[in-house]
Amino acid sequence: MVERLHPLLVPGSWLLQGEYFPAQGPSQKVLGTTEVEAHDEFPETLRVVGEIRDAQDSVSRPVATEFTLDLVAPGALRFHMNSIPLGTVLLGQGSWNHELLQFHYSSPDKRILGVESYAVSGSDVLLTSGVMFADRVAVTWWLARLERVR
């Protein structure tokens with residue numbers, strides 16, 4: 001039997017539309033892109049590069065993110081991000097099947113914790129949600145729709 005990958009684990013481009021819900025302040029509608037690229041020599045290592053901006057402000061400065069997912073075993077992955085805004089590295093692990101991908105991560109001192117999920121919602125559409133904690137307090141949540149660019 002051939003293992004079916006979760007759609008986010010297949011290299012490609014995605015358009016993002018969603019909303020962030022910071023603990024302090026109003027919610028913010030966002031637009032963005034996500035690119036998934038496989039490493040040339042190690043296809044089980046995926047680089048995920050994202051960029052989001054305020055959907056209400058066309059001249060807003062985009063916020064970039066980048067992380068790595070290593071497929072370490074069937075249905076298992078390792079997460080790694082060097083977070084410049086947070087000033088720390090985030091390390092984690094996760095699980096996936098062809099319908100759902102979930103991972104969690106933390107800073108080495110456990111002051112920053114986060115969890116994200118990506119659920120298949122029809123052909124070429126994912127729903128993603130997550131929450132990030134700082135010092136055990138939820139500081140932001142998000143909910144977004146990703147649509148694959150063909």
Side-chain angles (χ1 to χ4, degrees), residues 5-40 42-71 77-150:
L5 291 174
H6 184 277
L8 190 70
L9 303 178
V10 177
S13 300
W14 300 84
L15 295 177
L16 179 143
Q17 180 178 350
E19 197 161 358
Y20 274 76
F21 305 95
Q24 304 296 319
S27 64
Q28 178 184 24
K29 293 196 181 304
V30 293
L31 296 172
T33 59
T34 299
E35 301 285 333
V36 179
E37 305 165 346
H39 188 281
D40 288 339
F42 305 103
E44 67 279 3
T45 296
L46 302 169
R47 182 173 160 240
V48 181
V49 179
E51 187 174 272
I52 60 167
R53 66 173 179 79
D54 185 334
Q56 312 292 325
D57 182 358
S58 61
V59 295
S60 65
R61 186 174 175 169
V63 176
T65 61
E66 182 176 334
F67 57 87
T68 301
L69 298 174
D70 289 309
L71 306 182
L77 60 83
R78 199 170 40 233
F79 173 94
H80 178 269
M81 174 191 268
N82 294 324
S83 178
I84 303 300
L86 296 175
T88 188
V89 64
L90 299 172
L91 302 171
Q93 56 192 355
S95 300
W96 59 270
N97 62 30
H98 63 277
E99 295 292 327
L100 185 63
L101 181 149
Q102 294 182 305
F103 54 85
H104 59 88
Y105 45 83
S106 66
S107 58
D109 62 6
K110 305 291 191 240
R111 290 191 65 220
I112 305 293
L113 301 169
V115 62
E116 300 185 24
S117 66
Y118 296 80
V120 173
S121 177
S123 178
D124 294 328
V125 174
L126 301 176
L127 297 179
T128 180
S129 63
V131 60
M132 184 173 285
F133 298 86
D135 296 321
R136 298 185 179 185
V137 175
V139 293
T140 190
W141 297 260
W142 58 92
L143 179 61
R145 180 181 190 274
L146 293 167
E147 185 171 350
R148 186 179 290 279
V149 177
R150 290 283 177 193

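Computed from a prediction, not measured in an experiment: that's the story for all the values here.
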Minimum heavy-atom separation for [X] to [Y], with atom names?
| X | Y | answer |
| --- | --- | --- |
| Trp14 | Asp124 | CZ3-O, 3.7 Å |
| Val89 | Pro108 | O-CD, 3.3 Å |
| Pro22 | Ser27 | CD-CA, 4.1 Å |
| Leu71 | Trp96 | CD2-NE1, 4.0 Å |
| Ala23 | Ala138 | CB-O, 3.5 Å |
| Arg53 | Ser58 | NH1-CA, 3.8 Å |

Are [X] and [Y] close enough that some pair of their side-chain heavy atoms sits under 4.5 Å apart?
| X | Y | answer |
| --- | --- | --- |
| Thr68 | Thr45 | yes |
| Met132 | Leu86 | yes |
| Ser13 | Glu35 | yes |
| Asp135 | Arg111 | yes |
| Val36 | Leu9 | no |
| Asp54 | Val30 | no |
| Tyr105 | Met81 | no |
| Asp70 | Phe42 | no |

If I take atom [atom1] from residue [X] and atom [atom2] from residue [Y], how far apart are they, to the nearest 0.5 angstrom?
| X | Y | atom1 | atom2 | result |
| --- | --- | --- | --- | --- |
| Phe103 | Leu69 | CZ | CG | 5.5 Å |
| Leu100 | Leu126 | CG | CG | 10.0 Å |
| Ser106 | Gln93 | OG | CD | 9.5 Å |
| Leu8 | Leu46 | CG | CG | 8.0 Å |
| Lys29 | Ile52 | NZ | CD1 | 13.5 Å |
| Leu16 | Glu147 | CG | CD | 11.0 Å |

query: Taking atom types as modelled and ignoring hydrogens, do the side chains of Ser95 and Gln102 form a donor-acceptor contact shorter than 3.5 angstrom?
result: no
- prompt: Is it true that the side chains of Thr88 and Ser83 contain a donor and an acceptor less than 3.5 Å apart?
  reply: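 No - no donor-acceptor pair under 3.5 Å links their side chains.
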task: Go through the steps for Glu19 and Leu143 under the test side chain to side chain contact (heavy atoms under 4.5 Å, CB included), then give the verdict.
output: CA-CA 6 Å; Glu19 197 161 358; Leu143 179 61; 5.6 Å; no
query: Would Arg47 and His39 satisfy side chain to side chain contact (heavy atoms under 4.5 Å, CB included), going step by step from the backbone distance to the final call?
result: CA-CA 7 Å; Arg47 182 173 160 240; His39 188 281; over 6 Å; no
- prompt: Between the side chain of Arg148 and the main-chain N/O of Pro7, is any donor-acceptor distance below 3.5 Å?
  reply: yes
message: Quick check against the 3.5 Å criterion: does Ser107 have a side-chain atom that pairs as donor or acceptor with the backbone of Ile112?
response: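 Yes, the answer is positive, given that a donor and an acceptor are paired below the 3.5 Å cut-off.
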query: Please walk me through it: do Trp142 and Glu116 pass side chain to side chain contact (heavy atoms under 4.5 Å, CB included)?
result: CA-CA 9 Å; Trp142 58 92; Glu116 300 185 24; 3.5 Å; yes
Flag if over 12 foreign heavy atoms under 6.0 Å of CG, Asp40: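 No - once you tally the heavy atoms of other residues, nucleotides and ligands closer than 6.0 Å, there are 12 at most.
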query: So with a 6.0 Å cut-off around CD of Gln17, is the heavy-atom count from everything else above 12?
result: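 No, because the 6.0 Å sphere around CD of Gln17 holds 12 heavy atoms or fewer from other groups.
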